[in-house]
Amino acid sequence: MENIEYFKQYKTINGVFDEMKTDDNVRKHYDSFMSAFQNINSSEMALKDELAKKLFLTQGITFTVYSSGEGIEKIFPFDIYPRIIQAAEWDLIERGIKQRLKALNIFLKDVYHQQFIIKDGIIPAALIYSSPCYLREMMNVDVPFDIYTHISGIDLIRDHDGSYYVLEDNLRTPSGVSYMLENRNISYRLFPNLIPENKVRPVSDYPDLLMKNLLGLGNRHTSRPTVVLLTPGIYNSAYFEHTTLARLMGIELVEGRDLVVDNHKVYMRTTKGLKKVDVIYRRVDDEFLDPLIFRPDSMLGVPGIYHAYRKGNVAIVNAMGNGVADDKAIYAYVPDMIKYYLNEEPILKNVPTYRMENVDEREYTLENLNNMVVKRTNESGGYGMLIGNIATEQELKEFSEEIVKSPRQFIAQPIISLSSAPCYIDGKLQPRRIDLRPFALSGPDGIEIVPGGLTRVALKEGSIVVNSSQGGGSKDTWVVD
C-alpha cells in the first residue's frame, strides 16, 4: 500500500472520521479496491472521469435548481470513487432503519386515529396540531394494510468517532433513488471487473421490489391492478427520476390532467377511453393533490381524488399526511416513539436536538448560536438553514430574532463534523464530507432496503452541505461482504 500514489497524496481532515483511511492505514473494506486502484494511472483516471461526465450528459441525468428564480436544469455531479461500507455496518443500518420506520408508521396511524401517544403525554398535542403537514382530512381514514410510509429515505451521517446518526426522515415524496441506480450503472461502465471482484451487493432490483409492493396494494380489488406514477410535470426538479422509475417499472407516467374521478373511482384517459386506476405512486405534494380539498389553485392534482382515496377505491403511495412524521420538530421525539410503541431502545441515534418551544433549550441555543446548526422545521433541500460557525453577524442576529418570534418553526443541533470520503477531484484524491440516504420500501410483506443508497457529497472544499441544490453531488455506494 505504501507505493500507491493516490493514497500517499491523500490527506484526511483533522478531527473528522474518514471512511477510507485511519491514521496511515487503509481500512480493510477499502483494501481490495485500493489494490486495484493503484494499477490505474492518472491519465486513465482522467479519461474515466470525463467518460462519467459524458454519460451523465448524454443520458440526461439532471436535476433542476430554482434558487435563482428560474428553473435551471443541471447535470448531477458524480464522483467516480465509490463509498464502501462493510457488511457488518450495513446490518446495523438496516436493523436501525427498519426499527425506526416501524415506529414512525405506527405513529402515523395513531395520530390519525386513537392518538394514544398524545393522551399519554409522550408528545405535546400542540406540537402535532401546529404542524402545517398535519392533515385533519386524514383523521379516521383507513389506509391499505395500515401502511403509510411505503417509500422512505432516511438520511444518515457519521460523527467524528464513526457513530451513525439519523439526520432526518423523508416520508413524503423522497427523491434520489434514480441517481442511486444510475450511479451504479456508471460504476459498471468505469470499473466493470471491480464490482464483482469486491462482491458488491446489487441495487438494481429496487424497481422490481417497488413494483411488487405497488401491485400488492392493488390486489385487494383486482388480480391485475393498474399502477401509474403521478408527476407534477417536466418542470419539477426530480422529473428525470419520475421518468426513470416509470420506465423501469413499465407503468404509465401521468400528470393530473391525465386522470379523472367518476363516482369516487379514478380513471386514466387513454386513446381507447377511460381505464380504471388502482394504485397511484404520486410525486405531487399533499397540498396540490386535490384542488377540491386542499389548494383550489392547484393545476397539478386531480379533483375528487381525496374522496376516492378515503373510500378505499384507490391506493396512494405515500399516504397523505405523512409530513407530520418528518416535521423536524417531531424528529426529536422519534426515540421516544420507538420506546413507547416497540418497547425497544433505538438502534440508530438521533442527532442531539434542541426544541425551540422549550424555554431553557431555546435560551441555551441563542447563547451558543455560533456553534449550532439551526433548521426551519418544514424546509428541505438545504434551504432555511443557519450554520453558526460560518454565519455572518447579521445572519446570526436575524435568526435569533426569528427564533424568538416563532419558536415552533425552528430546531437547533450542535454542528456535527460529518465523515469524509475520498473524491477524485482535479486529478487527485481529496476528502469531502458525505451523508447517506438508504431507501426503504414498506409493503404487505414487510420492509425491504436495497443494500447501498445514495451517498451525497459536499463537493465544495470545507462545506458540510451535501444537497444538490447547494452545490453537492453524489457517488456510488458499495456494500461489500
Side-chain angles (χ1 to χ4, degrees), residues 96-112 117-118 122-124 127-138 143 146-157 165-177 237-238 281-289 316-338 340-341 346 348-351 353 355-357 373-385 408-413 435-442 447 449 453-454 456 466-467 469:
I97 290 175
K98 286 182 178 180
Q99 179 197 55
R100 193 173 181 94
L101 285 177
K102 284 177 185 175
L104 284 165
N105 196 76
I106 296 171
F107 166 73
L108 282 165
K109 182 182 179 184
D110 188 21
V111 294
Y112 287 122
I117 201 165
I118 298 174
I122 307 299
I123 299 180
L127 199 65
I128 290 175
Y129 295 143
S130 63
S131 173
C133 298
Y134 181 72
L135 293 188
R136 286 166 174 77
E137 293 84 358
M138 283 297 292
V143 303
D146 290 333
I147 300 171
Y148 290 78
T149 56
H150 308 89
I151 304 165
S152 309
I154 309 298
D155 291 346
L156 304 176
I157 59 173
Y165 289 85
V166 176
L167 184 64
E168 64 181 48
D169 307 289
N170 297 280
L171 309 176
R172 291 176 244 183
T173 55
S175 62
V177 73
S237 60
Y281 172 22
R282 54 87 175 225
R283 298 296 293 262
V284 175
D285 293 341
D286 287 349
E287 59 185 317
F288 298 101
L289 206 49
I316 295 179
V317 173
N318 281 338
M320 297 183 202
N322 276 12
V324 67
D326 65 16
D327 183 314
K328 291 181 177 64
I330 302 294
Y331 159 91
Y333 292 88
V334 177
D336 298 324
M337 291 180 202
I338 292 170
Y340 177 71
Y341 291 124
L348 293 172
K349 294 178 283 189
N350 265 22
V351 176
T353 302
R355 306 158 183 174
M356 294 300 94
E357 69 274 11
V373 174
V374 179
K375 301 175 181 176
R376 295 183 189 272
T377 52
N378 282 288
E379 289 271 7
S380 60
Y383 297 109
M385 185 168 70
R408 171 62 177 82
Q409 305 304 315
F410 298 91
I411 59 165
Q413 297 170 331
D435 76 352
L436 175 66
R437 177 177 289 183
F439 295 94
L441 298 173
S442 302
I447 301 172
I449 307 173
L454 181 68
R456 300 184 298 178
V466 299
N467 305 84
S469 56

Can you tell me how far apart [atom1] ([X]) and [atom2] ([Y]) are? Round to the nearest 0.5 Å.
X      : Y      : atom1 : atom2 : value
Thr149 : Asn322 : OG1   : CG    : 6.5 Å
Lys375 : Lys328 : NZ    : NZ    : 6.5 Å
Leu101 : Ile447 : CG    : CD1   : 5.0 Å
Ser442 : Asn318 : OG    : CG    : 8.5 Å
Ile117 : Ile106 : CD1   : CD1   : 10.0 Å
Asp327 : Tyr333 : CG    : OH    : 11.0 Å

Do [X] and [Y] have side chains that get closer than 4.5 Å, going by heavy atoms?
X      : Y      : answer
Asp435 : Leu156 : no
Asp155 : Val166 : no
Cys133 : Asp286 : no
Leu104 : Met337 : yes
Met138 : Val143 : yes
Ile411 : Arg355 : no
Ser152 : Asp169 : no
Tyr281 : Ile316 : no

(message) Would you say Arg136 and Tyr134 are linked by a side-chain donor-acceptor pair, where the criterion is simply a distance under 3.5 Å?
(response)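 Tyr134 vs Arg136: no donor-acceptor pair found between side chains.
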
(message) Under a 3.5 Å cutoff, is there a donor and acceptor pairing between the side chains of Arg408 and Ser130?
(response)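 Yes, side-chain donor-acceptor contact under 3.5 Å.
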
(message) Between Arg100 and Asn105, does the side chain to side chain donor-acceptor pair (under 3.5 Å) criterion hold? Intermediate values first, please.
(response) CA-CA 9 Å; Arg100 193 173 181 94; Asn105 196 76; over 6 Å; no

(request) Take Phe107 and Tyr148 through the test side-chain contact (heavy atoms from CB on, under 4.5 Å) and record every step on the way to the result. (result) CA-CA 10 Å; Phe107 166 73; Tyr148 290 78; over 6 Å; no

(message) Tell me whether the count of non-hydrogen atoms from other residues, nucleotides or ligands lying under 6.0 Å of NZ in Lys98 goes above 12.
(response)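 Yes, because the 6.0 Å sphere around NZ of Lys98 holds more than 12 heavy atoms from other groups.
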
(message) Check this for me, if you would: do Asp285 and Arg172 make a salt bridge, where the nitrogen-to-carboxylate-oxygen distance has to be below 4.0 angstrom?
(response)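 Salt bridge: no.
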
(request) Dump the intermediate steps for side-chain contact (heavy atoms from CB on, under 4.5 Å) on Ile154 and Asn170, then the final yes or no. (result) CA-CA 6 Å; Ile154 309 298; Asn170 297 280; over 6 Å; no

On a heavy-atom basis, which atom in [X] and which in [Y] lie closest, and how many Å separate them?
X      : Y      : result
Tyr341 : Asp110 : OH-OD2, 2.7 Å
Ala412 : Met356 : CB-CE, 3.9 Å
Gln99  : Pro346 : OE1-CA, 3.4 Å
Val177 : Phe439 : N-CZ, 3.4 Å
Ile449 : Ala440 : CG1-CB, 3.8 Å

(message) Using the side-chain hydrogen bond (donor to acceptor under 3.5 Å, both in side chains) criterion, which residues pair with Tyr331? Sequence neighbours excluded.
(response)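 With neighbours one apart ignored, the set is empty.
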
(request) Tell me, please, which residues at least two apart from Thr353 pass side-chain hydrogen bond (donor to acceptor under 3.5 Å, both in side chains). (result) Gln413

(request) From the options Thr377, Val324, Ile330, select the one residue that forms a side chain to side chain contact (heavy atoms under 4.5 Å, CB included) with Ser131. (result) Val324

(message) Taking Pro335's backbone N and O only, do any of them form a donor-acceptor pair with Tyr340's side chain (distance below 3.5 Å, no angle check)?
(response)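 No; judged by distance alone, with no hydrogens or angles, the pair does not exist.
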
(request) Might you work through the side-chain contact (heavy atoms from CB on, under 4.5 Å) test for Ile123 and Asp336, ending with a clear yes or no? (result) CA-CA 9 Å; Ile123 299 180; Asp336 298 324; 6.0 Å; no

(request) Carefully, step by step, assess Arg376 and Met385 under the rule side-chain contact (heavy atoms from CB on, under 4.5 Å). (result) CA-CA 6 Å; Arg376 295 183 189 272; Met385 185 168 70; over 6 Å; no

